[in-house]
**Q** 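Have a look at this one before I ask anything.
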Protein chains: 2
Amino acid sequence: MDIQRIKYFLALAEQLHYWKTAEKVSITQSALSRQIQSLENELGLQLFERNKRNVKLTPAGKFLKEKWEIELNELEYIHQFAKQLHLGERGTMTIAHPDSISASLMPDMLAKITQALPQLQIKLVQVLYENQLDFLKNYKIDLAITRDINNEPGIRAKKIYSDHLALVVPLEHSFKVFEDLSAESLKKQKFILPTKDEGSSYSEIIQALFKFYDFAPDVFLHSEFGSTIIALVRKGLGIAILPDSYMHHQSPGLRFIPLPFKTDLWINWRADDHNPVLANILKLVFEE
Amino acid sequence: MDIQRIKYFLALAEQLHYWKTAEKVSITQSALSRQIQSLENELGLQLFERNKRNVKLTPAGKFLKEKWEIELNELEYIHQFAKQLHLGERGTMTIAHPDSISASLMPDMLAKITQALPQLQIKLVQVLYENQLDFLKNYKIDLAITRDINNEPGIRAKKIYSDHLALVVPLEHSFKVFEDLSAESLKKQKFILPTKDEGSSYSEIIQALFKFYDFAPDVFLHSEFGSTIIALVRKGLGIAILPDSYMHHQSPGLRFIPLPFKTDLWINWRADDHNPVLANILKLVFEE
DNA sequence: ATTTATTAATGCATATTTTGCATTAATGGA
DNA sequence: TCCATTAATGCAAAATATGCATTAATAAAT
């Protein structure tokens, strides 16, 4: 059964006149007549009561006119929706990102995405460092923004940003600028640092930093959560080293002292993910 | 867009394998391949991600599979419903009938109809004598069961039953059998009769009856409603003449004395009503 | 009653679409 | 490296849809 036929039928059911209808749907009266006949045949029922003079819907025809109009609209709506899925204008993206950029890079990025693709649904999640690539591979997330380089097969990644690391101290602390730092003064400090994780390039950078000053820090607490670390520093329990993206969080009572060490942000996705939504988002993220 | 194409798509979306699917839907792999391609073309989107080895649904394809399955079921259901309308197995019939047969002929007739056409919806109404044919012509009712012969153009009618008239008296009344009646004894009675209506063949029969006994009855009340008449007779307010169909109503305290006069029941319908439901009902009513 | 205008159906030739057969090209696994 | 599997494609045949011209029926006008 051809949808076109149903459209012919609906047009005729509206006009109840073969010639006028034929013109309206841009075929000849002859073709229309035969289309209606073959539709009736196919359905095994009569749609119109007609003599050589008048055309009138049968009860079944009247019913079908009503119902098919609704169905065809439904089908059209479904088609349009599918088209948006195809163009990557609609769909769902689940993105994992580190807490550090939730007040800087993420809002910028999301603003850009929602403006370009307003129909898109985005889910933001935070995933523990060790789960990131696993979740990506198992379709639990579609994009992972990490501070770690990966060399997994099947995962592609690209650098999107570089942060400076910064020493975070309470406002009343004696460290004011970078020049106040020295091996001796640093040795006396208590540090609050991210969990030291084998293979995490982020924690390797922090290790490199201490190597630069050539001493082992007195770490009194480890946490993977930046907001926890910041709260502890503000209470004077110690000082911390964080990406300076955290400066964008509203954190009164703290001073960020930029350090000459950088940490990179990478965006990771499945190499075989051909979802057009992904392509659109990557294009947005990398353009300009 | 051909529905058949959508069915091919759904089969392939299920199997994800051209050869197997082609066999299942009884066409060649070549034809299937091209049907899918032309469907994709027509929709302007990709349904499957495929290389020479694997077939996989795109997000849009997955969405369409889900939605189209539902729609096609819906369309099939609509088709079946329309077919029942066509066969006259489904639909609505509005039938007007006189009160007199609501405990005899109507229950029998309705039992027969609902057994043969269980999906049918029947509306029973009672319509004043003078409105019957008008309502029929104006599509307010589809069938009118009357005691009157009509000769309206555009209305067809057929006799379905003949009733005897009966004299209705209270149990304690002196009239017991037909032989008790005479012009003299009848003259003394008070009568409750149907509204005397010009052109109503029913009231003409009653007139004929009084002519037979050659006297004018003392009519103290007219009513078109049999149940009203019966209630009044039971209270001893007078005696009445009614079709003996009323014997089937549960009416204790009354005696029906059959009279040698008959009244016919006619069934009337629009000559140009081609509703298959009507044809079915007429067939049921007249068969046997 | 007869004529005329209107209108749906139909015969036939043409154009378009679909199908099947055979073959090709790509790819994963042995 | 070779083989088996599998989706795509060229081509001819079959099926289907379309347009033109004509026919048959009928309601309205005369």
Side-chain angles (χ1 to χ4, degrees), chain A residues 1-58 60-62 64-65 153-154 270-274, chain B residues 1-58 60-62 64-65 153-154 270-274:
Chain A
M1 180 160 39
D2 198 334
I3 302 270
Q4 187 57 45
R5 273 190 187 164
I6 298 184
K7 284 184 182 163
Y8 289 153
F9 161 73
L10 289 179
L12 181 58
E14 201 63 48
Q15 292 266 330
L16 296 176
H17 193 291
Y18 274 75
W19 275 37
K20 289 180 197 164
T21 306
E23 194 176 16
K24 203 171 177 182
V25 298
S26 308
I27 54 170
T28 58
Q29 174 268 324
S30 155
L32 178 61
S33 173
R34 264 178 271 229
Q35 285 291 335
I36 298 295
Q37 283 173 49
S38 82
L39 182 58
E40 287 185 328
N41 259 342
E42 193 178 344
L43 293 169
L45 55 86
Q46 211 183 329
L47 295 168
F48 296 98
E49 240 183 82
R50 47 202 186 277
N51 48 39
K52 299 262 167 184
R53 198 88 193 159
N54 285 307
V55 180
K56 196 181 135 195
L57 281 166
T58 61
K62 198 172 166 184
L64 286 173
K65 168 173 151 51
R270 290 182 295 277
D272 66 348
D273 186 347
H274 296 126
Chain B
M1 178 158 41
D2 199 333
I3 302 269
Q4 188 56 43
R5 273 192 187 162
I6 297 184
K7 285 185 182 162
Y8 289 154
F9 161 74
L10 289 179
L12 182 57
E14 202 62 47
Q15 293 267 331
L16 295 176
H17 193 291
Y18 274 75
W19 277 36
K20 289 180 196 165
T21 305
E23 196 175 15
K24 203 170 178 182
V25 298
S26 309
I27 52 170
T28 58
Q29 174 268 322
S30 153
L32 178 62
S33 174
R34 263 176 271 228
Q35 285 289 338
I36 299 295
Q37 284 173 48
S38 83
L39 183 57
E40 287 185 328
N41 259 342
E42 193 177 343
L43 293 169
L45 56 85
Q46 212 182 328
L47 295 167
F48 296 98
E49 243 182 79
R50 48 200 186 278
N51 49 38
K52 298 264 169 185
R53 199 87 192 156
N54 286 307
V55 181
K56 197 181 134 194
L57 281 166
T58 60
K62 199 172 167 185
L64 285 174
K65 168 172 150 52
R270 289 183 295 276
D272 66 347
D273 186 346
H274 296 125

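Values below: every heavy atom of this structure, side chains too, minus hydrogens, waters and symmetry copies.
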**Q** Using heavy-atom distances to pick each residue's nearest nucleotide on DNA chain D, tell me which of B:Asn54 and A:Tyr8 is more 5'.
**A** B:Asn54
**Q** Enter the distance from A:Gln15:CD to A:Thr21:OG1 here, rounded to the nearest 0.5 Å.
**A**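 Answer rounded to 0.5 Å: 4.5 Å.
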**Q** Counting side-chain heavy atoms from CB outward, which of C:dG20, D:dA7, D:dT18 is closest to B:Gln29?
**A** D:dA7
**Q** In whole angstrom, what separates A:Gln35's CD from C:dA9's C1'?
**A** 15 Å
**Q** Return the nearest nucleotide to the side chain of B:Trp19; candidates are D:dA7, C:dT27, C:dC21.
**A**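 Among the listed nucleotides, the one closest to the side chain of B:Trp19 is D:dA7.
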**Q** Do any pairs count as a ring pair (Phe, Tyr, Trp, His ring centres under 6.0 Å) and have a residue in residues 17-36 of chain A, sequence neighbours left out, and if so which ones?
**A** none
**Q** Would you mind reading off the distance between B:Lys20 atom NZ and D:dT5 atom P, rounded to a whole angstrom?
**A**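 Roughly 12 Å, once rounded to whole Å.
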**Q** Is there a donor on the side chain of B:Ser30 or the base of C:dC21 sitting less than 3.5 Å from an acceptor on the other?
**A** yes
**Q** Work out which heavy atom in B:Glu49 is nearest to a heavy atom in B:Thr58; give both atom names and the distance.
**A** N-CG2, 3.8 Å
**Q** Calculate the interatomic distance between A:Gln4 atom CD and C:dT17 atom P; express it in whole Å.
**A**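 Nearest whole value for this atom pair: 12 Å.
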**Q** Using whole Å, what does the distance between atom P of nucleotide D:dA7 and atom CG of B:Leu47 come to?
**A**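 Distance, rounded to whole Å: 15 Å.
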**Q** NA contact type, A:Asn51, heavy-atom cut-off 4.0 Å: base, sugar-phosphate, or nothing?
**A** sugar-phosphate
**Q** Check if the side chain of B:Gln37 and the base of D:dA8 share a donor-acceptor pair of N or O atoms closer than 3.5 Å.
**A** no
**Q** Using whole Å, what does the distance between atom C1' of nucleotide D:dA8 and atom CG of B:Leu32 come to?
**A**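 Atom-to-atom, B:Leu32 to D:dA8, this comes out as 12 Å.
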**Q** Where the side chain of A:Arg5 is concerned, which of D:dA17, D:dA8, D:dG19 is the nearest nucleotide?
**A**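 Closest of the options to the side chain of A:Arg5: D:dA17.
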**Q** Round to a whole Å and report the spacing from CD of B:Gln46 to C1' of D:dA8.
**A**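 Nearest whole value for this atom pair: 14 Å.
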**Q** Roughly how many Å is it from CG in B:Asn41 to P in C:dT18, rounded to a whole number?
**A**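 B:Asn41 atom CG is separated from C:dT18 atom P by 11 Å.
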**Q** So if I take every side-chain heavy atom of A:Ser33 and compare against C:dT10, C:dT19, D:dG19, which nucleotide ends up nearest?
**A** C:dT10
**Q** Just compare D:dT9, C:dA9, D:dA7 and give me whichever is closest to any side-chain atom of B:Arg34.
**A** D:dT9
**Q** Rounded to the nearest 0.5 Å, what separation is found between the CZ atom of A:Phe48 and the CG atom of A:Leu12?
**A**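 Atom-to-atom, A:Phe48:CZ and A:Leu12:CG are 3.5 Å apart.
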**Q** Salt bridge check: are A:Glu14 and A:Lys24 linked by an N-O gap of less than 4.0 Å?
**A** no
**Q** Which whole-number value in Å describes the distance from B:Tyr18 OH to D:dT9 C1'?
**A** 13 Å
**Q** Which part of the nucleic acid, if any, lies within contact of A:Phe48, taking any heavy atom under 4.0 Å across all strands shown: a base, the sugar-phosphate backbone alone, or nothing?
**A**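 The answer is nothing, as A:Phe48 stays clear of every strand by at least 4.0 Å.
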